[in-house]
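Presented below is the structure to which this report refers.
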2 protein chains.
Amino acid sequence: MMQRRTRQRDTIRAVIERANRPLDVQDVLARARRHVPRLGIATVYRTINALLADGIIVPVEIPGRPVTYERANLRHHHHFYCTACKKVYEMEGCLLGTRPAAPCGFKVESHEITLFGTCAACA
Amino acid sequence: MMQRRTRQRDTIRAVIERANRPLDVQDVLARARRHVPRLGIATVYRTINALLADGIIVPVEIPGRPVTYERANLRHHHHFYCTACKKVYEMEGCLLGTRPAAPCGFKVESHEITLFGTCAACA
DNA sequence: ATAGATGCAAAGGGTTTGCACTTGA
DNA sequence: TCAAGTGCAAACCCTTTGCATCTAT
């Protein structure tokens, strides 16, 4: 995948990597079209799927919201969703002090935490 | 909403309330059809939406999976998603030892935690 | 030159809606 | 009785796929 370098792919990747918050497909399309006006939505989906497969970006799924994507090489962190302005913020570090407890026989491989509330700007 | 009592609604509500794990729409349809064979998928969606609006059930959204639903009046808990058998398990209690830390000015109102891994049955 | 990538439009899969029929109160 | 509720199918969305065209190598 992603064997050739194209303007579309460079643009889509740059849009996601330079954003200061996770972007959904429509966000990516809108921003990328500023540089590639004729960009099609199918190319956005194909490129996002390729970037996911290559481990360059990861999905960020907030319950009740469309999937968003961010660069994969960020430090372990979680997300804060402001219910007022609908923005997603990165929360540095992990909120779980200890390894998550699970019933006997259950093996925890990873976890996701989302905080909901209002951000400083909305308070 | 839900002005009249029907066999379909009683069945759908009972199916969700009696399940020992959150169910997605297809789960609900399959189980409810045992009692109401001609039940249509549209009625399942309509009833689930009505139960959500009435606060009788809540959505449980596991990243990458179809939305599931469970009764609303359960104690605070989180979910474990088995990546092998694709089932969602209830995890009693909360994994956050302390109140979640957030940057100054951020007000945390609620949180969601999802654990990923393999369950006892699949290990 | 040529296989990979793109844009468009059609196809898919899941959810909602329109409508005539059924049914609870 | 008769409006709420149902089942079916069509309509909608969002995402993926097919295909002719374009383009990076």
Side-chain angles (χ1 to χ4, degrees), chain A residues 1-17 22-70 86 88, chain B residues 1-17 19 21-70 81 86-88:
Chain A
M1 276 208 177
M2 310 271 311
Q3 303 179 15
R4 293 181 187 178
R5 193 152 190 218
T6 66
R7 202 149 61 86
Q8 288 87 337
R9 290 183 175 174
D10 284 351
T11 302
I12 290 166
R13 180 170 175 172
V15 158
I16 295 172
E17 294 198 327
L23 303 180
D24 67 26
V25 171
Q26 292 304 322
D27 293 331
V28 173
L29 179 64
R31 293 180 183 208
R33 272 190 172 159
R34 292 179 201 149
H35 303 90
V36 188
R38 309 219 36 131
L39 180 64
I41 187 71
T43 297
V44 175
Y45 279 108
R46 280 187 284 236
T47 303
I48 283 177
N49 287 338
L51 293 171
L52 286 170
D54 289 351
I56 291 164
I57 64 174
V58 291
V60 175
E61 310 199 39
I62 304 292
R65 304 252 84 208
V67 191
T68 57
Y69 304 91
E70 68 184 7
K86 316 296 186 200
V88 177
Chain B
M1 276 208 180
M2 311 273 307
Q3 303 179 16
R4 292 181 188 178
R5 194 153 190 219
T6 67
R7 203 149 62 85
Q8 289 87 337
R9 289 181 175 173
D10 284 352
T11 303
I12 290 166
R13 179 171 175 172
V15 159
I16 296 173
E17 295 198 326
R21 64 182 179 85
L23 303 180
D24 67 26
V25 171
Q26 292 305 322
D27 293 332
V28 173
L29 179 65
R31 292 180 183 208
R33 273 192 172 157
R34 293 178 200 150
H35 303 90
V36 188
R38 310 221 34 133
L39 179 64
I41 187 71
T43 297
V44 175
Y45 279 108
R46 280 188 283 235
T47 303
I48 283 177
N49 286 337
L51 293 171
L52 285 170
D54 289 351
I56 292 164
I57 64 175
V58 291
V60 175
E61 309 198 40
I62 305 292
R65 299 258 84 208
V67 191
T68 58
Y69 304 91
E70 68 184 8
Y81 175 66
K86 319 296 188 199
K87 286 211 192 88
V88 176

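Computation of the quantities below employed the complete heavy-atom set of this structure, encompassing side-chain atoms and omitting hydrogens, waters and symmetry-equivalent molecules.
- Partners of A/R7 according to the salt bridge (charged side-chain N to carboxylate O under 4.0 Å, His left out) rule, which considers only residues two or more places apart in sequence or in another chain, do not exist here.
- Regarding A/R13, its CZ atom lies at a distance of 15 Å from the P atom of C/dA5, rounded to whole Å.
- Side-chain atoms of B/T43 do not come within 3.5 Å of backbone N or O of B/L39 as any donor-acceptor pair.
- Among residues two or more places apart in sequence or in another chain, the salt bridge (charged side-chain N to carboxylate O under 4.0 Å, His left out) test is passed with A/R31 by none.
- Atom pair A/Q8:CD and C/dA5:P shows a separation of 11 Å (rounding to whole Å applied).
- Evaluation of the salt bridge (charged side-chain N to carboxylate O under 4.0 Å, His left out) rule for B/R34 yields no partner, not counting sequence neighbours.
- Within 4.0 Å of A/I41, counting heavy atoms only, lies no atom of the nucleic acid at all.
- B/I48 has its CD1 atom 15 Å from the P atom of C/dT17, to the nearest Å.
- Taking B/E17 as the reference, B/R13 meet the side-chain hydrogen bond (donor to acceptor under 3.5 Å, both in side chains) condition, with sequence neighbours excluded.
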Quick one: which protein N/O atoms are closer than 3.5 Å to N/O atoms of nucleotides 21-25 of chain C? Pair and distance per line, please.
{"residue": "C/dG24", "atom": "O3'", "partner": "B/R5", "partner atom": "O", "Å": "3.3"}
{"residue": "C/dG24", "atom": "N2", "partner": "B/R4", "partner atom": "NH1", "Å": "3.3"}
{"residue": "C/dG24", "atom": "N2", "partner": "B/R4", "partner atom": "NH2", "Å": "3.2"}
{"residue": "C/dG24", "atom": "N3", "partner": "B/R4", "partner atom": "NH1", "Å": "3.3"}
{"residue": "C/dA25", "atom": "OP1", "partner": "B/R5", "partner atom": "N", "Å": "3.2"}

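- Residues meeting the salt bridge (charged side-chain N to carboxylate O under 4.0 Å, His left out) test with B/D24, sequence neighbours left out: none.
- We find that CG of A/D10 is positioned 13 Å from C1' of C/dA5, with the value rounded to whole Å.
- Computed from coordinates, the A/L39 CG to C/dA5 P distance equals 15 Å when rounded to whole Å.
- Spacing between atom CG of B/N49 and atom P of C/dG14 amounts to 17 Å, rounded to whole angstrom units.
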Using nucleotides 12-14 of chain D, report all nitrogen or oxygen pairs with the protein that are shorter than 3.5 Å.
none

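- Every residue meeting the side-chain hydrogen bond (donor to acceptor under 3.5 Å, both in side chains) condition with B/E70, not counting sequence neighbours, appears here in chain and number order: B/H77, B/H79.
- Counting only distance, with no hydrogens or angles, the side chain of B/T68 and the backbone of B/V60 share a donor-acceptor pair below 3.5 Å.
- Atom pair B/R33:CZ and D/dT6:P shows a separation of 14 Å (rounding to whole Å applied).
- One interatomic measurement links the two molecules: CG of B/D24 to P of C/dG13, which rounds to 17 Å at whole-angstrom precision.
- Remark: A/E61 engages A/P59, A/V67, B/P63 in a side-chain contact (heavy atoms from CB on, under 4.5 Å) (not counting sequence neighbours).
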